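I have placed the structure first, in the form of structure tokens, so that the comments after it can refer back to it.
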Amino acid sequence: MIRLSQEHLQTIRAHAESTYPDECCGIILGYLANEGKTVVEVIPTENAWNTEAGAEFLGERTAESKRRQYAIAPEVMLKMQKEARDRSLNIIGIFHSHPDHPAIPSECDRLYAWQGYSYIIVTVQNGKAGELRSWSLDDRHQFQAEAIENIKSDLV
């Protein structure tokens, strides 16, 4: 389970709408507990996907654009890892959008996902954010739906 506030959800949806028709992406900071993951902050990032970045990935989708792919620059991930550690937090997930497609992970999403992270995907239909779902990898490296619990922001 992943727990986040209405404000966090709104930040994800707003970022997804602002980057449409391209995919948006961002980092989710928080902490792990027995009852699941609790989000403290969502950080929108630039979609760093480009043809050169695509050349580093295997498969037939490497030539596709930011409309079908996303990447967070390694230096941004490193900076956020350090920032999270300094705040006694962890990177607990990644969010991204699927423009004009369902909030279901693609095969590319699965291939490059990391175990332990939550992957929140929001669908954006004609520029308007819609369904938002969370996924995590199981022991067989397959995505499983993850429950989302809405919390009051003053609890975070």
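It should be emphasised that the depicted structure is a prediction, and the values quoted were computed from it without experimental measurement.
Atom-to-atom distance recorded for Ile94:CD1 and Ile72:CD1 is 4.0 Å, nearest 0.5 angstrom. Within the model, atoms OH of Tyr31 and CG of Leu89 stand 9.0 Å from one another, a figure rounded to the nearest 0.5 Å. To the nearest 0.5 Å, atoms NE2 (His15) and OG1 (Thr45) are separated by 5.5 Å. Annotation: the span from Met1 atom CE to Glu35 atom CD amounts to 8.5 Å, rounded to 0.5 Å. Atom-to-atom distance recorded for Gln10:CD and Leu4:CG is 12.0 Å, nearest 0.5 angstrom.
Within the structure, side-chain hydrogen bond (donor to acceptor under 3.5 Å, both in side chains) pairs that include any residue of residues 74-91 comprise Glu41-Arg87 (at least two apart or interchain).
With contacts defined as side-chain heavy-atom distances shorter than 4.5 Å, the pair Ile104/Ile121 does not qualify. Using a 4.5 Å cut-off on side-chain heavy atoms (C-beta onward), Glu23 and Trp49 make no contact.
Between Tyr70 and Asp22, the side chains place no donor N or O within less than 3.5 Å of an acceptor N or O (distance only, hydrogens not considered). Side-chain contact of Asp138 with Gln144: a donor-acceptor pair under 3.5 Å is present, judged by distance alone. Side-chain contact check for Thr11 and His8: no donor-acceptor pair (N or O, by modelled atom type) lies under 3.5 Å.
Under the 4.5 Å side-chain heavy-atom criterion for ILVMFWY residues, no single connected hydrophobic cluster contains both Val124 and Val42. Each of Tyr20 and Leu132 belongs to its own hydrophobic cluster when Ile, Leu, Val, Met, Phe, Trp and Tyr are linked at side-chain heavy-atom distances under 4.5 angstrom.
Counting only distance, with no hydrogens or angles, the side chain of Tyr119 and the backbone of Arg133 share no donor-acceptor pair below 3.5 Å.
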- Go through the steps for Ile27 and Val76 under the test side chain to side chain contact (heavy atoms under 4.5 Å, CB included), then give the verdict. CA-CA 9 Å; Ile27 298 170; Val76 172; 4.1 Å; yes
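The environment of CD in Glu17 is crowded: more than 12 heavy-atom neighbours from other residues, nucleotides or ligands sit within 6.0 Å.
Of all the heavy atoms in Tyr117 and Met77, the pair that sits closest is OH-CE, 4.1 Å.
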